[in-house]
2 protein chains.
Amino acid sequence: MTSTAPKTKRGTERREKLLRSAERVIGDKGFAAASIADITRDSGTALGTFYIYFTGKETVFRELVTEMGTLTRRVMTEAVAGAPDRLEAERRGLRAFLAFVAERPSLYRIVEEARFVDPDAYRAYFTGFAEAYAAQLSRAANKGEISKGDAEVRAWALMGIAKTLGDRYVLWEDKPDIDRIADEGFALIRDGLRV
Amino acid sequence: MTSTAPKTKRGTERREKLLRSAERVIGDKGFAAASIADITRDSGTALGTFYIYFTGKETVFRELVTEMGTLTRRVMTEAVAGAPDRLEAERRGLRAFLAFVAERPSLYRIVEEARFVDPDAYRAYFTGFAEAYAAQLSRAANKGEISKGDAEVRAWALMGIAKTLGDRYVLWEDKPDIDRIADEGFALIRDGLRV
DNA sequence: ATGAAACATGAATACTGATTCATAATTCAT
DNA sequence: ATGAATTATGAATCAGTATTCATGTTTCAT
């Protein structure tokens with residue numbers, strides 16, 4: 001799918017370097033404005049080298065989306081592991097997500113842009129995530145840790161909160177106060193608006 | 001900003017026709033893939049005619065974003081007017097928003113793509129909206145209609161829910177059951193996950 | 001140590017589509 | 001009814017950049 005794997009140490013390193021440059025450049029200027037020349041310049045290689053490792057611009061892009069998928073799942077799983085109940089898991093998960101956005105803003109922007117550049121990849125990414133999320137919520141509801149409700153709709157709504165807070169407070173802010181945002185967001189998730 | 005206003009009945013009509021074609025085509029294929037030729041073809045005019053009414057591709061785009069801003073505010077204001085309290089306003093607002101997305105999916109997609117095509121317009125759009133929203137939440141909290149909490153963070157979180165549910169259930173679904181989604185979403189907004 | 005396979009290079013190619021412009025048709029105030 | 005202003009046309013121009021490829025260089029299994 002992404003051409004063949006390198007067979008040399010040098011090759012492996014070059015490929016990785018190009019991938020990181022692609023993340024930086026595309027995340028920075030956006031898919032359309034980012035040129036292959038930008039990417040190879042950033043990584044200190046010749047223009048043609050890019051095509052040794054990737055079939056084209058969309059290919060790197062897709063690979064970055066996939067990478068983000070893997071990473072996010074890992075981060076979230078680790079963050080939530082060991083939480084005593086679902087509510088605590090939600091709190092930790094939200095915080096971890098915001099922290100991850102702060103750490104890899106480019107990767108996060110790329111996933112969001114995938115909605116327009118590669119809708120299928122985008123859909124696959126979030127559908128997969130939502131399924132796992134909904135399953136957790138279902139289980140928690142059955143155990144009585146949270147109230148009953150449509151797990152799928154809830155999963156998407158909760159992902160929406162995380163995404164939007166990430167956009168607004170992590171990407172748009174210079175020194176985001178992640179703990180505060182996560183706390184406020186979690187309060188809403190737990191209690192709703194009701195008095 | 002968007003070149004000068006037409007001075008003829010014919011001119012006004014052509015401009016409007018082009019704007020609607022731009023909405024359809026850009027909303028459909030996305031900004032990058034939509035060509036001016038696509039737009040003029042869709043509207044049954046010659047290629048050059050486009051440039052009589054708009055300075056360029058980004059200009060129509062920006063105008064569509066602005067239009068969406070105006071429309072959304074109007075729709076939401078009307079939907080919420082006359083609600084007995086804030087919670088009921090939230091319920092009606094969410095439903096109205098989802099219905100609006102169903103009615104003008106292209107316009108909605110365009111606003112979301114603005115994040116990448118014209119970040120400033122995107123930011124202006126949502127910041128303005130969020131400010132008004134937060135003000136309403138603050139007022140409601142003071143009146144005791146909803147619990148206390150950071151109104152700004154809440155506004156963004158609630159917008160996030162609406163946006164994501166709109167994406168998932170209105171744009172991705174053939175026959176979205178808007179009432180059901182709105183009800184489920186509202187239940188979460190009102191009560192949270194807590195038992 | 002060596003040569004076949006892998007990798008690196010960047011100038012040249014190819015293509016797409018935005019924008020311009022000279023020319024023609026239409027509108028509408030007088 | 002008329003002509004100056006407005007609008008319509010689409011072929012030609014222009015620009016940018018993705019991708020290829022012929023030519024070196026480097027790696028590494030033997």
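Protein chains get the first letters and strands the later ones, always in sequence-line order, with residue 1 at the start of each.
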What is the distance, rounded to the nearest whole Å, between atom CD1 of B:Ile36 and atom P of D:dA11?
-> 17 Å
Heavy-atom distance under 4.5 Å between the side chains of A:Phe186 and A:Arg95, does that happen here?
-> no
Nearest heavy-atom pair of B:Ala130 and B:Ala155: which atoms, and what distance?
-> O-CB, 3.9 Å
Rounded to the nearest Å, what distance is computed from the CG atom of residue B:Leu18 to the C1' atom of nucleotide D:dT7?
-> 12 Å
When you check the phosphate oxygens OP1 and OP2 of C:dT27, does a side-chain N or O of B:Thr8 lie under 4.0 Å from one of them?
-> no
Send over the distance from A:Tyr53 OH to D:dT19 C1', rounded to a whole Å.
-> 17 Å
Can you tell me how far P of C:dA18 sits from CZ of B:Phe54, to the nearest Å?
-> 15 Å
Identify whether any heavy atom of B:Ala33 sits under 4.0 Å from a base atom; if not, whether one sits that close to sugar-phosphate; answer base, sugar-phosphate or nothing.
-> nothing
Of the listed nucleotides D:dT9, D:dA18, C:dC7, the one nearest the side chain of A:Arg10 = C:dC7
Could you tell me the separation between the CG atom of A:Leu47 and the C1' atom of D:dC21, rounded to a whole number of Å?
-> 12 Å
When the distance from NZ of B:Lys57 to P of C:dT20 is rounded to whole Å, what number comes out?
-> 15 Å
Quickly work out the B:Phe50 CZ to C:dG17 P distance and round it to whole Å.
-> 15 Å
If only side-chain N and O atoms of A:Arg14 are considered, is one of them under 4.0 Å from the OP1 or OP2 phosphate oxygen of C:dC7?
-> no
Taking the side chain from B:Lys57 and the backbone from B:Ala34, do they hold a donor-acceptor pair closer than 3.5 Å?
-> yes
From the candidates D:dT7, C:dT19, D:dC28, the one with an atom nearest any side-chain atom of B:Ile52 is D:dT7
From the list C:dT9, D:dT9, C:dA18, which nucleotide is the closest neighbour of the side chain of A:Thr49?
-> C:dT9
Hey, mind stepping through A:Arg14 and A:Thr45 against side chain to side chain contact (heavy atoms under 4.5 Å, CB included) and telling me if it holds?
-> CA-CA 8 Å; A:Arg14 273 271 191 267; A:Thr45 62; 3.4 Å; yes
Note: for B:Gly44 and A:Gly48 on DNA chain D, the residue whose nearest nucleotide lies more 5' is B:Gly44
Ring pair (Phe, Tyr, Trp, His ring centres under 6.0 Å) partners of B:Phe31, counting only residues at least two apart | B:Phe61
Between A:Lys29 (NZ) and D:dT17 (P), how many Å, whole number?
-> 8 Å
Options C:dA6, C:dC28, D:dT20, nucleotide nearest the side-chain atoms of A:Tyr51 = D:dT20
Tell me which of B:Lys7 and B:Ser35 sits closer to the 5' end of DNA chain C, going by the nucleotide each one is nearest to.
-> B:Ser35
